2 protein chains.
Amino acid sequence: MIGFGNVGKELIRLFAEPKPRFPALVPDSLTITGVVTKSHGALYNPRGLSPSAILQTYRQDAGFDRNSSDFYSGGVLELLSGGDYDILVELSALNIRSKGEPAFTYIKQALQKGRHAVTANKGPLAFHFKELRELAKKRNRLLLFESTVMDGTPVFNLIKHGLRGASVLSFSGILNSTTNFLSELTERGISIDRALESARAKGIVEADPSDDLEGWDAAAKTAILCNVLFDSEITPFQIPRSTFEEIFAKDIRRSVEQKLRWKFICEGTRVKQKIHASVKLTPVDESHPFYRINGTSSVLRIEADSLAPLTIVQENPTVTDTAYGVINDLLEITDS
Amino acid sequence: MIGFGNVGKELIRLFAEPKPRFPALVPDSLTITGVVTKSHGALYNPRGLSPSAILQTYRQDAGFDRNSSDFYSGGVLELLSGGDYDILVELSALNIRSKGEPAFTYIKQALQKGRHAVTANKGPLAFHFKELRELAKKRNRLLLFESTVMDGTPVFNLIKHGLRGASVLSFSGILNSTTNFLSELTERGISIDRALESARAKGIVEADPSDDLEGWDAAAKTAILCNVLFDSEITPFQIPRSTFEEIFAKDIRRSVEQKLRWKFICEGTRVKQKIHASVKLTPVDESHPFYRINGTSSVLRIEADSLAPLTIVQENPTVTDTAYGVINDLLEITDS
């Protein structure tokens, strides 16, 4: 496991005490052999690490206890090459500027060494989906990423298992919780500083807040959906983005009076071989299915060729949902 | 294939000309060897029937052409026992009074003979899910039924593949299109006779209209969801039902003024080992996620233990959606 931020900690917490709250969640066959952080040390033990010991040996500032017998001071790529593991779980933060590095290299290394890969990190897929998918196929391993879009909501499972033989024509959705939540507070007349404070308290702001406010998180999700659904090789850099700032150019008070809401809508369409994708601040009225998407909720509407349009709504997820999505992927591997 | 009503015909139509409209829908590996109707004859040819020939040899009143060299005049159970097929596709109409017979017997026969079974018929699952599931498991065959609830919307695929390890705690939804559509027309002041005429023209009234109006269709879907999600053995007879008539006891005009809508809501909850299920005419206000479910649209909201509540909406499906759900099941079998 690489990355020990909010999602990583929550995942370990679910491993540590899944019962009786979640009776069927984590099977005994899953053992954690390593946890690697960027600058807070790493633990590794091929015989398995105790989930509760992992949590106990970690200190917010100091990281993992250097005196632990499981402390690992070697390199990440060495561990990925020679370590004892079947699945890499990549949970580090989105890095737009580096085009998904170093997570991309880590996932590539794991797949090349014949391991499965599960990631909640949008970067590697937003920039390199096709290469990773081909590599996984070549090595006959699974590359799963349910938590990258709508957290634990089974978007990709729905598409893979529920839309067999169908071709998706277009999608639209509200996929960035932070800007949706901030817009809602703005409508209520709350200042941006106080709104941001409130979003931070909810733990929904990305490591780098500009990823949310400048639309990078939404663009990364849009790119992943395009790449998975349309077999494209689009990157977030090629997707026009509305930034959060644009909301201040709108007459919000008047919009509220007119029962119009401004929503950051991610869209992707395939027309013949051409892909159109955008993240755009768009007014929606009461009759629009996205009108009542509030808080940290998100929504995705999918149009396909052989069935009626589907809309899936996720109500106010927390970090548990993201960790759950990772477990869903792990269970797909253990079931396979 | 048993049953050649609206869904059966649409399925054959999709087999007959899936390309170029639906490029990936029906793989060449799927061949239809037999089509059986209740009183309009049957066709059978172990070398395969041409989908377009099936459609051409059928006349609305007379059924299949008795002079066709593929005409089959033997018994259904004999065909299910000794015929050449890998998958039974059961598409006959819901029969509440007979507790899902004769479809239940047909599916049982196919599974016992080591065949897979796909059904869009609610009866066998609403009354005998556990027995059929156990039988399929024992024979190591698949029993799939995506089209029984919300037509082609991948409800059961979502649950099976997307909610691994999670336990569903409760569900609620609008699952009967006919009563939802009729209620909408009633709100607009349209008389029940004219409303029913309009629903019939849309092809959304069950073979026996009382199945819709007396809530049996909704109760059957509720029973299936309970049996699949909660491992229960509840039948539609045990589920309290609101009938469509109850809507006339409400002051619809006043409700419309108050922005309240009356919806037939299917619900199921598991509290410890106890199951509560009902189909109940319920007032919902504007803030309710079901408020804007109109036309033939349907909705299902699922609460599970380890992730945020999910809602899935299907917009105005047609019979193509039901046929698509059957194909999705067939593709799950050919992929397995």
Side-chain angles (χ1 to χ4, degrees), chain A residues 14 18 21-27 146 150-167 286-289 291-292 294 296-299 301 303-318 320-325 327-332 334-335, chain B residues 14 18 21-27 146 150-167 286-289 291-292 294 296-299 301 303-318 320-325 327-332 334-335:
Chain A
L14 290 177
R21 218 179 123 205
F22 305 129
L25 207 54
V26 182
E146 190 58 275
M150 288 181 88
D151 315 296
T153 297
V155 170
F156 296 108
N157 274 293
L158 182 90
I159 292 159
K160 185 159 85 174
H161 301 286
L163 300 182
R164 288 172 209 262
S167 294
E286 271 193 302
S287 69
H288 196 285
Y291 185 81
R292 279 167 209 284
N294 284 325
T296 62
S297 296
S298 55
V299 61
R301 182 175 179 277
E303 287 197 42
D305 58 354
S306 37
L307 71 166
L310 291 183
T311 302
I312 186 160
V313 178
Q314 175 189 45
E315 287 170 43
N316 288 312
T318 66
T320 306
D321 288 74
T322 316
Y324 168 72
I327 290 183
N328 195 11
D329 285 344
L330 291 172
L331 293 177
E332 176 160 0
T334 60
D335 288 354
Chain B
L14 290 176
R21 221 179 120 205
F22 304 129
L25 206 55
V26 182
E146 190 57 275
M150 288 181 88
D151 315 295
T153 298
V155 169
F156 296 108
N157 274 294
L158 182 91
I159 292 159
K160 183 159 87 173
H161 302 286
L163 300 182
R164 290 171 206 264
S167 295
E286 271 193 301
S287 69
H288 195 285
Y291 185 81
R292 277 168 209 284
N294 284 325
T296 62
S297 296
S298 55
V299 61
R301 181 175 179 277
E303 287 197 42
D305 59 354
S306 37
L307 70 166
L310 289 185
T311 301
I312 186 160
V313 178
Q314 176 190 44
E315 286 171 43
N316 289 311
T318 66
T320 306
D321 289 73
T322 317
Y324 169 72
I327 291 184
N328 195 10
D329 285 345
L330 291 172
L331 294 176
E332 177 159 357
T334 59
D335 288 354

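Chain A is the first sequence line, chain B the second, and so forth, proteins listed ahead of strands; every chain is numbered from 1. Here the structure is a predicted model, which means the values were calculated and not measured. Every heavy atom of this structure was used, including side-chain atoms; hydrogens, water molecules and symmetry mates were not.
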Query raised in the report: Closest heavy-atom contact between A/Leu310 and B/Pro154?
Result: CD1-CD, 3.7 Å
Requested in this report: State, to 0.1 Å, how close B/Ala166 and A/Tyr324 come at their nearest heavy-atom pair, and which atoms those are.
Outcome: CB-OH, 3.8 Å
**Report entry** Test item: A/Leu307 and B/Asn328 side chains (from C-beta on) under 4.5 Å apart, heavy atoms
**Finding:** no
Query raised in the report: Are A/Val313 and B/Val313 side-chain neighbours, meaning at least one heavy-atom pair lies under 4.5 Å?
Result: no
When only pairs under 4.5 Å are counted, which of [options] shares the most heavy-atom pairs with chain A?
| options | value |
| --- | --- |
| B/Leu330, B/Thr311, B/Leu331 | B/Thr311 |
| B/Ser306, B/Gly152, B/Pro317 | B/Ser306 |
| B/Arg301, B/Glu146, B/Arg164, B/His161 | B/Arg164 |

Using non-hydrogen atoms and a 4.5 Å limit, figure out which bit of [X] sits close to chain A: side chain, backbone, both or neither.
| X | value |
| --- | --- |
| B/Asp335 | side chain |
| B/Asn316 | backbone |
| B/Ile312 | both |
| B/Leu163 | both |
| B/Ser167 | side chain |

Report task. Heavy-atom pairs under 4.5 Å with chain B are the metric here; pick the option from A/Glu286, A/Gln314, A/Lys160 that has the most. Result -> A/Glu286
**Report entry** Point-to-point distance, once rounded to the nearest 0.5 Å, from CG of A/Asp305 to OG1 of B/Thr320
**Finding:** 11.0 Å
